[in-house]
Number of protein chains: 2
Amino acid sequence: MELDERKKKILQAVIKNYLETGEPVGSRTISKYTDLNLSSATIRNEMADLEELGYIFQPHTSAGRIPTDMGYRLYVDDMLSTREKELDKKDRKLDDKEESLKTMQEIMDKRVDRIEEVLKDMAKMLANNTNYTSLVSMPQANKNKLKFVQLTQVDEGKLLCTIVLEGNIVKNEMIQLDRAIDQQTLLKLNLLFNNTLNGLTLQEINFDMAANMADQSGELGELVSEILNAIVAAIGAADGIEIFTSGATNIFKYPELSGNENASRLISTLEEKEMLTNLLTDSLEEIGESTTGIQIYIGEETPVNSMKDCSVVTATYEFEDGVYGKIGIIGPKRMDYEKVLDALKNVTGSLDQKFGKGKKK
Amino acid sequence: MELDERKKKILQAVIKNYLETGEPVGSRTISKYTDLNLSSATIRNEMADLEELGYIFQPHTSAGRIPTDMGYRLYVDDMLSTREKELDKKDRKLDDKEESLKTMQEIMDKRVDRIEEVLKDMAKMLANNTNYTSLVSMPQANKNKLKFVQLTQVDEGKLLCTIVLEGNIVKNEMIQLDRAIDQQTLLKLNLLFNNTLNGLTLQEINFDMAANMADQSGELGELVSEILNAIVAAIGAADGIEIFTSGATNIFKYPELSGNENASRLISTLEEKEMLTNLLTDSLEEIGESTTGIQIYIGEETPVNSMKDCSVVTATYEFEDGVYGKIGIIGPKRMDYEKVLDALKNVTGSLDQKFGKGKKK
DNA sequence: TGTTAGCACTCTATTAATTTGAGTGCTAAT
DNA sequence: ATTAGCACTCAAATTAATAGAGTGCTAACA
């Protein structure tokens, strides 16, 4: 059995209605709502078919139907493809866009230098606008080139190592040494590191290079490798991806999420943040493939266990040339996907425009 | 009517029992549990008195009694004073202490330089150990002396300003200028700032000084004041106190907290963090007064609205000489105060010992 | 053959009624 | 002053009754 046009329409209607009400939708509702002009009995037959096909189900006999993950998936895919088409007509919901862009602008103008603050604010704004939970990752520096390194003596035998990466991401690391260092040596070291490391990415600073540098610097060898370690540690994956979340408590607004104890598990996950990297790193390599950098996980599709009752939508933003970050929304499966997509697109758009080169047409 | 010895004992018993069970405790229970050897009827009479005095109450007629805030307060104060006395016998729960000290040590040794990480881990550990919610504030730098400033040119007209405070707290700030700066000027500026600002606290860098410096530096005046602003901003209260929380979801373990919608409000507060500063700054000036730096808020006593059903215990730790931070536990009013006090004391103890000078005898 | 009206049936949700038990307050006896 | 005893209260748990939404199926209809 295939999905004919009518079935599609009915499915659509069921889902749309469920998105709005959160209640199982029955045949009579559909019969009245749609312009199909069919009796509830007919709808019932069709819905039985749709159930058999796996797009909808009843929580119990004598209840209306609810979309399955598969149903949502069809709905969302459909929506995405029509959106693509409509993208040319730029007039889509211009008013909405305007408004949220303005808010965005305000946030951006506040303090451009403090990326962290900007991202946090952005997450907050997203959560407020959508009434879902939002998360934002700091732009990943891993693949980013080193701009310069600076060593400064802070105390006896205590060096402060300041590192600036392409994209003006700054990292600090304290290095504790077992002896003091004179000004001369410090200068030499600074020169050495800058000459050798400039323009390299973290990946390119490998063991060979470390050995090489240590050799070349003779008696300072040990010192050099010690410092190099610190540098790698400072930039490195060691400290993972930084992620900010906001609006975690919004999930209490959706009974299907807040009812069971999963609510607590979900909030726990958001608090721990470790699991969240799965959501945001997973799809980073697929950027080329997808036109928009947008990823949608529905229910069981999500890689995070505590979110199996949720849907997650993530998008990629370009922070500076080549430096990407991710931003996402977590909500109930019956989230307003349209709204979420718009919100994400606005935000990433603003970010690209403000920081990035706006390379997307 | 005054609290005679027997009433005190009964109150104590009621509270102790309630702490453990979380259920209203009735007269029979007390009659059996205590060594008072009194019948339930007698206890009932006494309990009626205690209720009239405001130390306990019944959630409804024909239920057992529950301590009021006032009851808790008496209990806690009493405990504190006996603890003080017992402080000499150092053998208190040595085994427990040992264990948690070990964990502490592990965390500390991990990466001493990354205070932030250490504090986060500590918060996590505290939350895990106590099954309550924990919060830790970054040591406040406001009153801390400036150790040195370093300006570096990162891009055309983009300066990186690295600031190190006493206690080796590092701050970075990007400064966007409308013109490029040559190496010469940069050196001059660095010298100027270091000479002028070294050893000063944020408070001491005031307007007069700014004007003065600007004047002295002639044509560079504008530039100087611009940079000075950035420095102040970087250190300043502008970005508030940084606070980490952990174990927010632990509140779901206590029905009296998780039941109503306050749970959500509480978690919201923890997420926002802004309100939390009230908890942690409020009592900072009272350090001198209280011997231990420990503060206990019970129910209505807490300055944060969403925590009126909770108790909050905070303690002060000394990070480096003169740099204080706070650490706290949020839990139900019937929290295990003993345990919490011990946990906090261990942690602050370890911190003082590791970083600070252990000035407390 | 596809559509529809009609009806019996199912299951949840809500409300009401009933029962249970813990705990109290009071009184009268010790 | 203490206690045994009893009547009383109230929340919580259990059971019963009712209402209502929605289905599946059958038989009639165009």
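Because the structure is predicted, anything quoted here is derived from the model rather than measured.
The closest side-chain heavy-atom distance from L3(A) to Y55(A) is below 4.5 Å. At least one side-chain heavy atom of L279(A) sits less than 4.5 Å from a side-chain heavy atom of P303(A).
Taking atom CD of residue E23(B) and atom C1' of nucleotide dG23(C), one finds them 13 Å apart after rounding to whole Å. Taking atom CG on N37(A) and atom P on dT3(C), their separation rounds to 12 Å, with Å as the unit. One atom, NZ of K32(B), and another, P of dG23(C), lie 9 Å apart when rounded to the nearest Å. To the nearest angstrom, P of dA4(D) lies 11 Å from CG of L38(B). Distance I43(A) CD1 to dT3(C) C1': 11 Å, rounded to the nearest Å. Distance CZ (F57(A)) to C1' (dC11(C)): 16 Å, rounded to an integer number of Å.
Take D69(B) and apply the side-chain hydrogen bond (donor to acceptor under 3.5 Å, both in side chains) test, not counting sequence neighbours, and it matches K333(B). Scored by the side-chain hydrogen bond (donor to acceptor under 3.5 Å, both in side chains) test, T130(A) finds no partners at all (sequence neighbours excluded).
Residue T42(B) places none of its side-chain N or O atoms closer than 4.0 Å to OP1 or OP2 of dT2(D).
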Whether each nucleotide of nucleotides 12-30 of chain D has a protein heavy atom under 4.0 Å at its base (B), only at its sugar-phosphate (S) or at neither (-) is summarised, 5' to 3', as ---------BSBB------
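Side-chain polar atoms of S268(A) and T249(B) form a donor-acceptor pair below 3.5 angstrom. For the 3.5 Å distance criterion, the side chains of R44(A) and S27(A) qualify, holding a donor opposite an acceptor.
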